[in-house]
Amino acid sequence: MQDWFDVAEKIETRTLAAAGKAGIDQAAFSAEARPADPRFGDVQVNGALPYAKRLKANPREIAQKIVDELAKDEAVTDVAELSIAGPGFINFRFKPSFYLDWLNDFSTESVYREAAAKLYAGERVVVDYGSPNTAKQMHVGHIRSIVIGEAICRLLEFCGADVTRDNHIGDWGTPYGKLFYAYKRHLDPDALKADPLGELERLYKLGSQLASDDKAVLEESRQELVQLQDGKPESMKLWETVNQLSIQGLKEVYDQLDVTYDCYLGESFYRDRVDLVYKELEECQLAEESNGALVVFHPEHKRYAEQPFIIRKSDGASNYATTDLATMLYRHEHFKATRIIIVTDDRQKDHFEQLDLTTAKWFEKTGRTRPAFDHVMFGKINGDDGKPIKSRSGDPIRLKDLISEAIERAHTVVKEKNSDLPEEELQLIAETVGISSIKYADLSSNRTSDYVFSWEKLLSFEGNTAPYLLYAATRIQSIFRKLDPSDLENLEARASVFETGEEIALARKIVEFVGALQITIDTLRPHMLSGYLYELAGAFSGFYAANKVIVEDDGQKARRLILCQRALLALKIGLSLLGIKTLERM
RNA sequence: GUCCUCGUAGUUCAAUGGAUAGAGCACCGGUUUCCGAAACCGGUAAUCCGGGUUCGAAUCCCGGCGAGGGCACCA
């Protein structure tokens with residue numbers, strides 16, 4: 001049974017074998033299995049159609065030959081009914097006993113984990129996400145990278161990859177001159193202690209203001225920057241302080257979002273590694289002088305033949321292309337990454353395409369193995385007016401304010417629905433519901449699209465929302481609270497086979513977890529998993545409304561309890577992969 | 001100008017080239033002596049336009065129209 005974890009893969013192997021026995025050229029036949037329309041079956045294979053087309057044969061006859069062979073394969077006939085429909089679709093409909101066997105085998109998180117861990121075993125992935133600037137508060141624009149990046153890390157880890165979470169913070173560069181100028185003259189130590197990022201941000205804004213009002217201040221700020229870039233001990237010490245306070249402030253928000261990084265290797269970390277980039281790219285003859293800058297063109301590319309990748313500015317300074325190249329090298333050499341994933345907004349698409357092209361040529365010419373590279377990009381979060389959301393004052397909404405508001409709103413909603421909860425528990429529930437709702441709103445939208453942010457929608461208990469999923473989980477747990485311990489003994493032995501449409505629909509949906517996981521990780525699109533979880537919760541709710549669980553008939557009760565347990569298991573695993581905690585009650 | 005990401009019910013979102021395009025909200029109707037009705041069941045309603053490829057197109061290609069974004073030293 002273990003090899004049925006991924007039912008699509010299993011069916012593909014068996015179908016391909018059957019096709020071979022039926023005299024079909026296996027190389028020309030696609031046995032790709034996909035979820036079928038429930039009216040026709042559970043899994044379908046369409047390969048007979050294109051195959052027949054190429055041979056100018058009748059697709060139904062081809063399908064029939066394959067089905068005739070499959071019908072001799074007990075591994076298949078023991079678990080599924082076969083049929084041919086329409087122009088030549090081969091449909092597999094699993095027997096209710098198959099679902100029961102599957103659910104009995106895949107009954108705990110560790111069994112799921114063990115089965116899934118084969119998918120990416122041996123992969124070493126560095127995921128670069130979050131990446132805010134230091135000395136500034138994070139705002140709503142940072143949330144997608146954090147939330148999507150974290151989900152991708154969890155998914156990859158679950159599938160067996162060795163993941164390094166790297167926060168590539170913007171901790172170096174021109175803003176520091178103005179910040180240091182203001183820091184030395186206008187620091188409020190109490191405010192710094194209470195809210196480091198808030199105070200640093202205030203100082204930076206103040207410094208900018210003063211510098212634009214007064215040329216003397218501007219000049220002093222420049223001197224501050226020069227001293228920092230020259231590595232003057234006093235400047236470096238102040239920089240260290242600012243950096244450390246910044247990371248401390250960032251971590252407060254990451255803690256709330258349940259995100260922990262392995263390292264914070266920001267731009268400053270690479271500042272001594274850029275000279276090697278210039279040197280190697282020039283030696284490889286990839287980089288050339290243009291208008292005083294050092295740039296890379298890609299003559300074979302329709303756009304980057306003309307649009308330069310600037311790796312050294314005409315004033316001799318590095319920019320983010322340089323540090324990103326140095327970062328690619330470091331991740332290859334130090335982390336031995338087989339894959340690098342960078343999660344940023346879609347405006348940086350060109351930059352990362354150029355980075356990837358340049359790295360490919362650079363590594364090839366220097367005999368290095370290039371890690372696979374993915375730029376996981378995402379769209380904007382808009383307000384009701386279709387424009388990027390802003391606070392009433394027109395400034396970006398601070399991330400910590402967004403989180404606080406989510407918790408407050410969740411508190412109100414949960415209290416309204418369940419007034420019996422003690423205040424202390426209510427507060428904890430509100431935190432989980434509020435934060436989950438924000439995260440889930442993001443993860444349930446296709447990342448490449450913009451989406452409209454709506455408090456009403458994301459905190460609703462209806463539709464594809466965190467509260468709906470969390471509610472489904474709490475209802476299941478509520479059933480278990482009502483049972484005697486003896487009700488849960490030897491469930492597998494007591495259970496009778498599924499009968500009702502709702503039972504089978506729910507069982508089928510649970511088994512689909514694997515396919516949902518697969519497509520989510522293949523495409524790095526968490527909304528695929530979220531869509532699945534919504535369907536799973538819906539299948540449970542439909543089952544729950546129509547089939548009483550705690551009934552007299554012991555076989556019926558046992559099989560329904562199995563469904564409840566495994567539905568909860570799949571929900572919990574799926575939500576945790578998205579970075580969302582479940583609740584006992586709400 | 002050029003390139004990119006998009007364009008799906010009134011609205012907010014789905015749909016790995018597969019069968020009758022699927023949900024939430026809104027609107028209309030139904031379900032509770034019974035495990036949490038924060039729920040469930042049913043109904044009305046959509047692929048921007050025009051070509052093409054394909055056995056099969058919301059999806060791929062070409063041309064329009066519309067929105068947002070990138071395109072020489074910000075990241």
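This structure is a prediction, so every number in the text was calculated from the model and none was measured. Just so it is clear: chains get the letters A, B, ... in the order the sequence lines come, proteins before strands, and each one is counted from 1.
Within 4.0 Å of A:V549, counting heavy atoms only, lies at least one base atom of the nucleic acid. Within the nucleic acid shown, A:Y468 comes within 4.0 Å of sugar-phosphate atoms alone, with no base atom in reach, counting heavy atoms only. Note on A:E267: only backbone sugar-phosphate atoms sit closer than 4.0 angstrom, heavy atoms only; bases stay farther off.
Under 3.5 Å, the side chain of A:D450 and the base of B:G68 form no donor-acceptor pair of N or O atoms. With hydrogens and angles ignored, a donor-acceptor pair closer than 3.5 Å exists between the side chain of A:S314 and the base of B:C73. Donor-acceptor pairing under 3.5 Å, judged by distance alone, is present between the side chain of A:Q44 and the base of B:A19. Within 3.5 Å, a donor on the side chain of A:N91 pairs with an acceptor on the base of B:A19, or the reverse. At a cut-off of 3.5 angstrom, counting only N and O atoms as typed in the model, there is a donor on one side and an acceptor on the other between the side-chain of A:S290 and the base of B:A72. Donor-acceptor pairing under 3.5 Å, judged by distance alone, is present between the side chain of A:Y320 and the base of B:A75.
Between A:R144 and A:Y451, some side-chain heavy-atom pair lies under the 4.5 Å cut-off. Using a 4.5 Å heavy-atom threshold, the side chains of A:F309 and A:L325 count as touching.
Rounded to an integer number of Å, the gap from CZ of A:F461 to C1' of B:A39 is 12 Å. Atom CD of A:E512 is separated from atom C1' of B:U16 by 14 Å (rounded to the nearest Å). A:D345 places its CG atom 15 Å from the P atom of B:U5, with the value rounded to the nearest Å. If you take CZ of A:R39 and C1' of B:A19, they are 7 Å apart, rounded to a whole angstrom. As rounded to whole Å, 13 Å separates atom C1' of B:G68 from atom CG of A:D385. Atom pair A:L506:CG and B:C35:P shows a separation of 20 Å (rounding to whole Å applied). The separation between A:N446 atom CG and B:U59 atom P is 16 Å, rounded to whole Å.
With sequence neighbours excluded, no residue forms a salt bridge (charged side-chain N to carboxylate O under 4.0 Å, His left out) with A:K65.
Between the A:D356 side chain and the A:T359 main chain, no donor and acceptor come within less than 3.5 Å of each other.
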